[in-house]
Structure formats: C-alpha cells, structure tokens
Undergrad: 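Let me give you the structure first, and then I'll get to my questions.
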2 protein chains.
Amino acid sequence: MTVTLADVAARAQVSPATVSRVLNGNYPVASSTRERVLRAVDELDYVLNGPASSLAAATSDLVGILVNDIADPFFGIMAAAIQSEIGGPGGRAGGERLGVVCNTGGSPERELTYLTLLQRQRAAAVVLTGGAIEDTAHAGAVAAKLRKLHEAGTRVVLCGRPPAPEAPEAIALTFDNRGGGRQLTEHLIGLGHRRLGYIAGPEERTTTRHRLEGHRAALDAHGIEDDPRRTVHGRYDRRSGYEATLELLRRDPSLTAVVAANDTVALGACAALRDSGLRIPGDVSVAGFDDLPFSIDVVPALTTVRLPLTEAGARAGRIAMGREEPPPGGIATVRGELMVRGSTGVPRT
Amino acid sequence: MTVTLADVAARAQVSPATVSRVLNGNYPVASSTRERVLRAVDELDYVLNGPASSLAAATSDLVGILVNDIADPFFGIMAAAIQSEIGGPGGRAGGERLGVVCNTGGSPERELTYLTLLQRQRAAAVVLTGGAIEDTAHAGAVAAKLRKLHEAGTRVVLCGRPPAPEAPEAIALTFDNRGGGRQLTEHLIGLGHRRLGYIAGPEERTTTRHRLEGHRAALDAHGIEDDPRRTVHGRYDRRSGYEATLELLRRDPSLTAVVAANDTVALGACAALRDSGLRIPGDVSVAGFDDLPFSIDVVPALTTVRLPLTEAGARAGRIAMGREEPPPGGIATVRGELMVRGSTGVPRT
DNA sequence: TCTTGCATAGAAAGCGCTTGCTGTCACGTT
DNA sequence: AACGTGACAGCAAGCGCTTTCTATGCAAGA
C-alpha cells in the first residue's frame, strides 16, 4: 500500500492534522514537532495524495494553458514563458503548481472539452493563448465556460487573444495584430510596392482577420485598390504558404510583394518564389509576422513584426498566479515592432 | 454552490450510485433511467468533480509528458504527437484523459519535481521525451521515481530517450543518435571532407554523447584523426551554434565542414559562416540533425538526419495508453534517415 | 406454487486529506 | 492567587465521489 498521512502521523507520533499543517505551512507548529514530522515524511518517502488534498481543500494546483498548436514555436514560446511563471517546480516557494499545456489543435470541440476537463479538475487558473475562433455559437459556449470557471474561482487569462465581451471577467492581453499588419504593409508601400499579395491564415480566426484588416487599412490609406484576388486563405503552416504563393503568382504574375500571415507561412512563400525562379527581394519582397527565432536566419532574413511572446506569456502567467495586477479594465494591448530585414526591398521596375 | 452528484441524483430521482454508474458506464443501468439521469445532468449543467472522483476511484486521468524545452519544435512536435494519441478530447470514446505537457527546461531538479507532482496526482501514465542527463546521482533519483510510479500503477514510457537500466519497467523508444551521427559524418567524408568541425550539445546529455560518438566512429572508420580542438560544446540553440562556429573557425580556418548537434544549432552555424564571408557549401558544408520543418526551407536547404518525431511520439502515446503492445524487451530503437540537401557539397580545393 | 436467477437500484462505507473547533499547557497579568 | 492569553496539538466532521454488498422485482424453471 501507499503511505498515507496517517502513517506519517503515527511515525512522528502526532495527529494527522499536524502533519497536514506542517506540509502546508499554514498554521503554527513547534519547530521540534515540525522536524519530527519532516523526518518521518522523509523516512517513509511519503508523497501527498493530490486528489484527496484537492478534494478536501476544494482547490487544486493545476493551471491549464490552452494552445492551438504546440508544435508551432509561436505557441511553444508563449507556453514556456507562461509555465515559467506559473511557478511549477523551480518557482518561488509554496506555490507549487502544475502548469499543464493542452493542445487544442485549433479545434473548437477540443477547446471546449479541455475547458471542461480543467473545470472538472477545479483548476486554479486557465490561460488561453492565440487567436480565437470566430463562430458565434462556439464563442458563446467558450464564454459561458469561462464565466463558469471564473465563478468557481478559477482565474482566467487570455494571452494573445482578443477580449471576450461575453466573458468580461477574463483578463485579456491582446496582440495588436491590426496595427502590426498595417505597419508591415505600409513599410512595403513606402518602398514603392503597389501590387501586394496577401496570404491570410484560416478564416474565422480573429488573428487572421485582424492582420488582414491592418493590411487593408494600409492599402486603403494609400489609395491602393484592394483586389480580392490578391488575398488567399490557408493554414498557418509552411505548406500552405507555398501553395498560396503559387496560386497568387498564377493569378497575378506581376506581384512585387507577398505578405504572409506569419513567419512560417512566409517561409513557404519564399520557397515557392525561389522554385518559381524569382529572387527575394529582387523580384518579389516577402514579409512575415511574429518574428520567430528562425526568421533572422533564413536567407534573406525575414522582414516581420516582432511580437513579444515571451514577455506577454510571462505577464499572463504572473496575472494567472495573482502575482501581478491585471491591467486596468482587464484589457491590455501588446504592440508589435516592425523588423525590417533583407526580405523586403524596392519593387523591380 | 456547485452542483454535485447528489443534486443530479435528486433531480433524476435516483440514488447517487446510479448517477455515478451512468456517468462511468461501467454497470448496467436501465435505459430509461439512464436517460433521466443524463437529462438531469444536462439541465443542471453538472460537471464531475475530478479530485473527488480520482480519490474514490484511486485513479486519475492525467497523463504527464515531460519535455526539455517546449519552445523547441523538436519537443513540440513530439508532444503534439503524444497528446494526439493520449486521446484527450477528441480521442476515442471513454478514455478522456488530460495530456499535460511539463517543461523541465533541461533542469534535473525540475524534472524530479514534475515527476513528484505527477506521482502526487496519481497520473495514469508518464512519457519522458528527449535525452537524459548523464549524472549518476540524478539518473538514480529519476530511476527510483520511475520505479515508484510504476509500482503505483502509472505507465512509464521513454520517447527519444535511452532506456534506464535501473528502471527496466519503463518502456523505451530510443532514437538511434549514434547511427545517425555516423551516417551524417560518413556522408561528408564520402564527399571528400577531412577537416570537420563538430558543434556538440550540452555535455552530460545522452543525446549529445551519442551523436558525437557516431561522428567519431565515422572519423575513426576512415582513419581520420579526431582532433579534440575540432569539437565545441554548447547549448541546443541558434546562438550557441553561431558562437561555436566562430570559435571553430578561429581554431582552424581551414575547416571544410561543420556538423551541428541539431538543426537549430546548424542554423546559427550557417549565419556565422555567412557573416564570416564564407559560402555554403562552396567554402564550408553544414549538416544538422532532426530535420525540423524549417530545415528544408533555409537556403541552402539543410543536409540532416530525419528523426520520425511524430511517428515515435504517436507510438509512445499509444503505448502509454495501453493501446499498443510495448516492443519486445521493452526497448525499441528508432532509426533516423539521412537527408542529403544543398548545405553539403564537395570541399573547396 | 415455490424457488432460482437475473437485472437493476440503493445504502453505506470509505478514499486521504483539510480545517473549524475544542482542549491543554505554560506564562504573564491584575 | 485567580485569570486571561497565546501557542500548539488533536478530534472529528466532512469534501464528492466510487463500489461493495444488499435489497427488490420479476420472469422463468421446477
């Protein structure tokens, strides 16, 4: 059988209550007693029963981190930052929480199921990362869940995700995707580009929509007509960028620039351009978004919008742990920074 | 207050026992009763109390996935694959498990603490990914924990990690890092290279050691002296690859090839070479390891050893869930495949 | 008609911990 | 000398579920 609190108590010649208090350190215990208890814990190699503890205390040390795609560094980096602040092992004393990363794969159902699972576990906090899905029914369902979680005492934080009007309790750290998208396109327009292709992410995603809106706002501000044929939607992966670029090129071979939904997509775009015999940026400029670590290393280095993923994640983690004040109004906008590098240049003449 | 089983029972006019049985579906319940119960569950918006359930049933639906660095796609890809098989939401019926990814950051203490945390939660299974740390004391401590976990009924699987002799219960899916490393270096030797630099990962890591051993075996097999000055150790990141390459170049400017510990490091190596005015592969060939998604997109595309991360992860996940037979002897070796691409060529004359 | 047996439902005993409340003892106060 | 007053420690009542064991009802077999 496994060792229980009672066993430790017996060995240390104290009551179970005292052992519990030593372990939780939330009640005065004479140091001699404490020592005796700790020795017994050690000798018996006792490990607290988490479920029992959670049940009795009506709290748990689980913190859920929902990501759309754990294999994507965009989420990996944020998750790492969040987890580092969750404390978990190595964190500051006491708050030993288990930061658990849940991979929704971008599926609404999985997102909901994970939320239920976390609710079931009475999670201490939940952090949702990345763009939300723009489906009224689903958004409503998620908002309802978030509200329930909040009511049950779970702290809810959105990181890199727009605020949910129906769940105002959720603290939101939102990326300024619109502003970033606009900056990027204005940079290209400033270089002289007039025929820009845009590879958008999956439809029905807030991130996709906002970045695209920024792009269009820039075009509009400069009196450039937004030909819908110059926009293609796809997934947030390299393959999709490759195919979308070929498609854009087919539709309009005179393009001088391609703006991608993110860096990974931009990578695919670069590959497609090269395979089509076009030089970057000599023939076509390429821009990405996010500034993932590899973006500076590709050749030519990618012009992109740097999002402070680590900083935002860390902040979200701290807020989730109640170690930092939420922003006023529960909403903060995190801006990106335009990184001009080698993949963009003046258009060919 | 939150809704409890008893509330549902009252509403459905049955006993709590019956509700529990309906929910778990492990006992015959008349279909009319079942329906009544399910309706009540729905109407009350009841969510099972996980801790209570785990306590009573002495089992939990948590599955731990330990990774060294969640921000590194190497681990992200494996974690995604494992989680997809854990079932979690979207998985096959019934087994709704919570696959939790724990980021150790490569720290031995955190690894141990996470294992304790998972033990505390009475995890259903634990999957450890990536290379182990070669410290006798730590390895022993981990092995002891794994044995304890196993005794407590937790399934233990190692994925991309060498078997632990002290914890033979743990199923191991090991990458053939040695063989891959050897293949890679033999490829370069075959091209005519004789002065190869090697950027190894952190010391005291099995992955590092095995890849390096493969490299040396290849050198040895071809009668090439292994000058220790041609090997530099560093972290598994781009920066480290950049610096190590400059160091290698300083030590021996006549190098014609650089073999990196992994693709990310290789990326940094490429950058350093370019910044030093050297062409790839014209002046210096570069090879990586892992074949991460971006490796085919960098210019020139990286010669590397492809590791079937997704397949291995999926298999580990299935084994952890008891849905696939463990390999005979509890150990399986997963081979890599040499991918020859543009970053390697004949040495300059 | 009286068992037997099966299918189903309920009663109740925990699972291992936390915590409010109740002592107990040793001091410092009046 | 009687009496607060802290500082500790223990009792015992749950926390919300699972599961064993025990009814109960009813159809079928003897």
Side-chain angles (χ1 to χ4, degrees), chain A residues 1-38 40-41 44-62 94 96 117 119-124 152-153, chain B residues 1-38 40-41 44-62 94 96 117 119-124 152-153:
Chain A
M1 254 316 284
T2 35
V3 184
T4 72
L5 238 210
D7 299 332
V8 175
R11 171 135 201 160
Q13 315 215 55
V14 296
S15 73
T18 300
V19 177
S20 170
R21 303 208 252 245
V22 168
L23 262 26
N24 291 299
N26 53 6
Y27 196 84
V29 172
S31 64
S32 65
T33 314
R34 186 202 326 286
E35 237 173 74
R36 203 145 27 90
V37 169
L38 290 178
V41 164
L44 294 177
D45 217 355
Y46 169 70
V47 174
L48 188 70
N49 182 315
S53 168
S54 294
L55 172 58
T59 62
S60 113
D61 47 10
L62 240 56
E96 232 168 52
L117 239 40
Q119 181 183 6
R120 178 177 296 186
Q121 299 298 332
R122 306 299 189 251
Chain B
M1 255 314 284
T2 37
V3 184
T4 73
L5 239 209
D7 300 331
V8 176
R11 171 137 202 159
Q13 318 215 53
V14 295
S15 72
T18 301
V19 177
S20 170
R21 302 207 254 246
V22 168
L23 260 27
N24 291 298
N26 53 6
Y27 195 85
V29 172
S31 64
S32 64
T33 314
R34 185 200 328 285
E35 237 173 76
R36 202 144 30 89
V37 169
L38 290 178
V41 165
L44 294 177
D45 216 354
Y46 169 70
V47 175
L48 188 70
N49 181 316
S53 168
S54 292
L55 172 58
T59 62
S60 113
D61 48 9
L62 239 57
E96 232 169 53
L117 238 40
Q119 180 183 6
R120 179 177 294 187
Q121 298 299 332
R122 306 298 189 253

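In the text below, chain A, chain B and the rest are named by the order of the sequence lines, each starting its count at 1. Quick note: numbers below take in every heavy atom, side chains included, and nothing from hydrogens, waters or symmetry partners. Bear in mind the structure is a predicted one, so any value in this text is a computation, not a measurement.
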Undergrad: Any side-chain heavy atom of T33(A) sitting closer than 4.5 Å to one from R36(A)?
TA: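 Result yes, sub-4.5 Å side-chain heavy-atom pair found.
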Undergrad: In whole angstrom, what separates N24(B)'s CG from dC17(D)'s P?
TA: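 Atom-to-atom, N24(B) to dC17(D), this comes out as 11 Å.
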Undergrad: Which sits closer to the 5' end of DNA chain C, A56(B) or S54(A), going by the nucleotide each is nearest to?
TA: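 The answer here is A56(B).
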Undergrad: Mark yes or no for whether R122(B), through its side chain, and S60(B), through its backbone, hold a donor-acceptor pair below 3.5 Å.
TA: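 Side chain of R122(B) to backbone of S60(B): no pair is present.
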Undergrad: Calculate the interatomic distance between L23(A) atom CG and dT18(C) atom P; express it in whole Å.
TA: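 To the nearest whole Å, that distance equals 7 Å.
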Undergrad: Look at all strands and tell whether T33(B) reaches a base, only sugar-phosphate, or nothing, counting heavy atoms closer than 4.0 Å.
TA: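 It contacts sugar-phosphate atoms only.
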Undergrad: Considering the terminal five base pairs at each end of the helix from dT1(C)-dA30(D) to dT30(C)-dA1(D), what angle separates the two local helix axes, rounded to 10°?
TA: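 It works out to 50° between the end axes.
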Undergrad: Is there side-chain contact between V37(A) and V29(A), with heavy atoms separated by less than 4.5 Å?
TA: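 No, their side chains stay 4.5 Å or more apart.
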Undergrad: With a cut-off of less than 4.0 Å, is there a side-chain N or O of S53(B) near OP1 or OP2 of dT18(D)?
TA: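 Yes, because at least one side-chain N or O of S53(B) sits under 4.0 Å from OP1 or OP2 of dT18(D).
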Undergrad: Please confirm whether the shortest side-chain N or O distance from T18(A) to OP1 or OP2 of dG10(D) is below 4.0 Å.
TA: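 Yes, T18(A) has a side-chain N/O under 4.0 Å of OP1/OP2 on dG10(D).
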Undergrad: Below 3.5 Å, does any donor atom in the side chain of Y27(B) face an acceptor in the base of dA7(C), or the other way round?
TA: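 Checked by distance alone, the answer is no.
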Undergrad: With side chains defined as the heavy atoms from C-beta onward, is the minimum distance between L5(B) and Y46(B) less than 4.5 Å?
TA: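 L5(B) reaches Y46(B) side chain to side chain.
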Undergrad: Does any donor-acceptor pair link the side chain of R122(A) with the base of dG16(D) at a separation under 3.5 Å?
TA: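 Side chain to base: no pair below 3.5 Å.
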Undergrad: Please give, in whole Å, the distance from dC15(D) P to L48(B) CG?
TA: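 Atom-to-atom, L48(B) to dC15(D), this comes out as 16 Å.
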Undergrad: Nearest whole angstrom, please: distance from the P of dG16(C) to the OH of Y46(A).
TA: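 Taking atom P of dG16(C) as the reference, OH of Y46(A) is at 10 Å.
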Undergrad: In whole Å, I'd like the distance from the CG atom of N49(B) to the C1' atom of dG14(D).
TA: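 Result: 14 Å.
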Undergrad: Within this structure, what is the CD-to-P distance between E35(B) and dA9(C), rounded to whole angstrom?
TA: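 Computing the E35(B):CD to dA9(C):P distance gives 13 Å.
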Undergrad: dC17(D) C1' sits how many Å from D61(B) CG, rounded?
TA: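 Atom-to-atom, D61(B) to dC17(D), this comes out as 14 Å.
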Undergrad: Starting the side chain at C-beta, find the nucleotide from dG10(D), dC15(D), dA11(C) nearest to A17(B).
TA: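 Nearest to the side chain of A17(B) among the choices is dA11(C).
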Undergrad: Just the rounded figure in Å: distance from P of dC11(D) to CG of L5(A).
TA: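 Those two atoms, CG and P, are 14 Å apart.
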Undergrad: On DNA chain C, compare the nucleotides closest to A52(B) and V14(B); which residue's is nearer the 5' end?
TA: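 It is V14(B) whose nearest nucleotide is closer to the 5' end.
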Undergrad: Reckon N26(B) touches a base, only the sugar-phosphate, or nothing at all at heavy-atom distances under 4.0 Å?
TA: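 If one applies the 4.0 Å heavy-atom cut-off, N26(B) turns out to touch the sugar-phosphate alone, with no base involved.
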Undergrad: On the nucleotide dT18(C), are OP1 or OP2 found under 4.0 Å from the side-chain N or O atoms that S20(A) carries?
TA: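 Answer is yes, contact under 4.0 Å.
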Undergrad: Hey, what do you get for CG (L62(A)) to OG1 (T59(A)), rounding to the nearest 0.5 Å?
TA: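 Result: 11.0 Å between the selected atoms.
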Undergrad: If I take atom CG from residue L48(A) and atom OG from residue S20(A), how far apart are they, to the nearest 0.5 angstrom?
TA: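 One finds 8.0 Å between CG of L48(A) and OG of S20(A).
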Undergrad: What I'd like to find out is whether the side chain of D7(A) reaches to under 4.5 Å of the side chain of T4(A), using heavy atoms alone.
TA: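 Answer yes - side chains close enough.
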Undergrad: Quick one: pull up OG in S54(B) and CG in D61(B) and give me the separation to the nearest 0.5 Å.
TA: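 S54(B) atom OG to D61(B) atom CG measures 6.0 Å (nearest 0.5 Å).
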Undergrad: Counting any heavy atom closer than 4.0 Å, what does A30(A) reach on the DNA or RNA strands: base, sugar-phosphate only, or nothing?
TA: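 Sugar-phosphate: the residue A30(A), judged by heavy atoms under 4.0 Å, touches backbone atoms but no base.
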Undergrad: State whether the distance check finds a donor on one side and an acceptor on the other, under 3.5 Å, for side chain R120(B) versus base dG16(C).
TA: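 Looking at the base of dG16(C), it does not pair with any donor or acceptor on the side chain of R120(B) (distance under 3.5 Å).
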Undergrad: With respect to the phosphate group of dA9(C), does any side-chain polar atom (N or O) of S15(B) fall under 4.0 Å of OP1 or OP2?
TA: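 Checking S15(B) against dA9(C): no side-chain N or O falls below 4.0 Å of OP1 or OP2.
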